[in-house]
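Worksheet: the structure to be examined is printed underneath.
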Amino acid sequence: MIPAGYPQVSVRRKLQLAPWFVIGLIVANGLHLLPGQAEETPHGGSRPRRGSVTTQPSPAAAARADIPSGYLELYRASAKQHCPGLSWTILAGVGKVESNHGRAQLPGVRSGLNSAGCCAGPMQFNLTDGPPSTWATYGRGSPYDPADAIPAAARKLCADGAARPGGLVPAIAGYYGGTTANPPTAAYVAHVRCAARAYGTGTVGDLTRCFA
């Protein structure tokens with residue numbers, strides 16, 4: 001009910017304003033400002049649209065047998081917190097290929113730089129490119145600490161589009177530093193994705209065949 005004394009608008013004036021009202025609705029819709037356009041979070045809140053949330057698989061036999069428990073927890077927590085549209089198995093696949101989950105006895109995994117003189121830590125972040133380097137961009141703390149390196153890897157993959165439709169392969173290729181047109185990069189992507197599948201649904205045998 002309109003209160004008494006409320007300013008009245010003529011029909012003619014309403015017709016003059018109508019096109020601007022429609023335009024305003026179109027703009028609001030495009031910016032997701034209308035009621036009900038916020039995307040629900042798993043905890044019942046809301047947030048701007050940033051891609052869908054991936055249903056995270058439980059660790060399969062390959063994951064439980066191959067990934068140290070601390071690393072497994074970090075992969076799962078980092079994907080959930082820093083890139084909800086990315087499966088933790090992809091992070092684990094990257095960790096497997098880069099350093100065998102920190103177990104590789106190679107330069108740059110626990111200290112210093114790798115044999116190429118650029119990268120460090122279990123997720124092999126580049127410390128020398130840039131500025132800023134990829135570690136300076138996505139890392140916090142120490143690249144040698146998996147508790148810092150794994151969340152940084154999730155942030156980098158997400159920033160490169162891993163959680164967007166069609167963006168996973170280019171993001172993994174970008175982590176290696178190339179595109180799938182380059183054979184070593186294509187092989188890297190294939191190894192990461194194969195390990196990820198094994199960690200999500202496969203056996204130790206499946207994981208072994210990824211690197212045969």
Side-chain angles (χ1 to χ4, degrees), residues 48 50-54 56 67-68 70-197 199 210-211:
R50 294 183 58 191
S52 60
V53 176
T54 294
Q56 298 289 347
I67 304 174
Y71 273 73
L72 180 56
E73 182 179 347
L74 284 168
Y75 292 136
R76 299 179 75 184
S78 296
K80 181 179 180 180
Q81 180 176 353
H82 299 287
C83 194
L86 176 69
S87 173
W88 68 265
T89 61
I90 295 294
L91 273 179
V94 171
K96 176 67 173 178
V97 176
E98 293 290 357
S99 71
N100 194 20
H101 311 302
R103 293 179 296 221
Q105 301 295 316
L106 295 171
V109 174
R110 294 178 179 81
S111 64
L113 298 176
N114 66 359
S115 58
C118 65
C119 304
M123 304 305 280
Q124 288 291 285
F125 267 91
N126 197 311
L127 304 188
T128 63
D129 62 349
S133 69
T134 51
W135 178 253
T137 301
Y138 301 106
R140 301 165 191 166
S142 169
Y144 305 102
D145 186 343
D148 296 328
I150 293 172
R155 287 191 288 269
K156 177 172 174 22
L157 285 165
C158 215
D160 289 343
R164 296 195 292 267
L168 180 60
V169 168
I172 298 172
Y175 198 98
Y176 185 77
T179 69
T180 53
N182 175 262
T185 304
Y188 176 89
V189 172
H191 285 138
V192 168
R193 297 185 76 191
C194 186
R197 286 192 296 271
Y199 289 145
C210 292
F211 302 95

Before giving the answer on side chain to side chain contact (heavy atoms under 4.5 Å, CB included), spell out for T89 and R197 the whole-Å C-alpha distance, their side-chain angles and the decisive distance to 0.1 Å. CA-CA 7 Å; T89 61; R197 286 192 296 271; over 6 Å; no
Can you confirm whether P184 sits close enough to Y176 that some side-chain heavy atom of one is under 4.5 Å from a side-chain heavy atom of the other? yes
Can you name the closest pair of heavy atoms from G108 and Q124 and give their distance? O-NE2, 3.4 Å
Which atom names give the shortest non-hydrogen contact between A195 and C210, and what distance separates them? N-SG, 3.6 Å
Does the side chain of Y71 reach to within under 4.5 Å of the side chain of P122, using non-hydrogen atoms? yes
Side-chain contact test, heavy atoms from C-beta onward, threshold under 4.5 Å: evaluate it for D160 versus L157 and give yes or no. no
Are R76 and Q56 close enough that some pair of their side-chain heavy atoms sits under 4.5 Å apart? no
Would you please indicate yes or no on a ring centroid separation below 6.0 angstrom for W88 and Y75? no
Is the shortest heavy-atom distance from the side chain of P146 to the side chain of M123 under 4.5 Å? no
Looking only at non-hydrogen atoms, find the nearest pair between S87 and A79 and report the distance. C-CB, 4.3 Å
Check against side chain to side chain contact (heavy atoms under 4.5 Å, CB included), L91 and S78: CA-CA 9 Å; L91 273 179; S78 296; 3.9 Å; yes
For the residue pair Y188 / E98, report whether a side-chain donor-acceptor contact shorter than 3.5 Å exists. yes
Checking the side chain of N114 only, and the main-chain atoms of G117 only, is there a donor and an acceptor separated by less than 3.5 Å? yes
4.5 Å side-chain heavy-atom contact, T128 and S133: no
Give a yes or no on whether the backbone of A190 and the side-chain of R193 come within a donor-acceptor separation of less than 3.5 Å. no
pair Y175-T134: side-chain heavy atoms closer than 4.5 Å: no
Spatial distance of atom NZ (K80) from atom NE2 (H82) [nearest 0.5 Å]: 12.5 Å
Does the side chain of D145 come under 3.5 Å of the side chain of S142 through a donor N or O and an acceptor N or O? no
Out of curiosity, L72 CG to I67 CD1, how far, rounded to the nearest 0.5 Å? 5.0 Å
Might you work through the side chain to side chain contact (heavy atoms under 4.5 Å, CB included) test for L86 and L168, ending with a clear yes or no? CA-CA 8 Å; L86 176 69; L168 180 60; 4.0 Å; yes
Side-chain (R110) to main-chain (A104) donor-acceptor, under 3.5 angstrom: yes
Please find the pair of heavy atoms, one from V192 and one from I90, that lie closest to each other, and give the distance. CG1-O, 4.0 Å
To the nearest 0.5 Å, atom SG of C119 lies from atom CH2 of W135 at 12.5 Å
Residues pairing under disulfide bond (SG atoms under 2.5 Å apart) where one sits in residues 76-108, two or more places apart or in two chains, turn out to be C83-C158
Main chain of A186, side chain of N182: is a donor-acceptor contact present, judged purely on distance under 3.5 Å? no
Between T179 and T185, is there a side-chain heavy-atom distance shorter than 4.5 Å? no
Closest non-hydrogen contact found for K156 with G174 is NZ-O, 4.0 Å
Indicate the atoms forming the closest heavy-atom contact of A120 with L127, along with that distance. CB-CD1, 3.7 Å
Do the ring centers of H101 and Y199 come within less than 6.0 Å of each other? yes
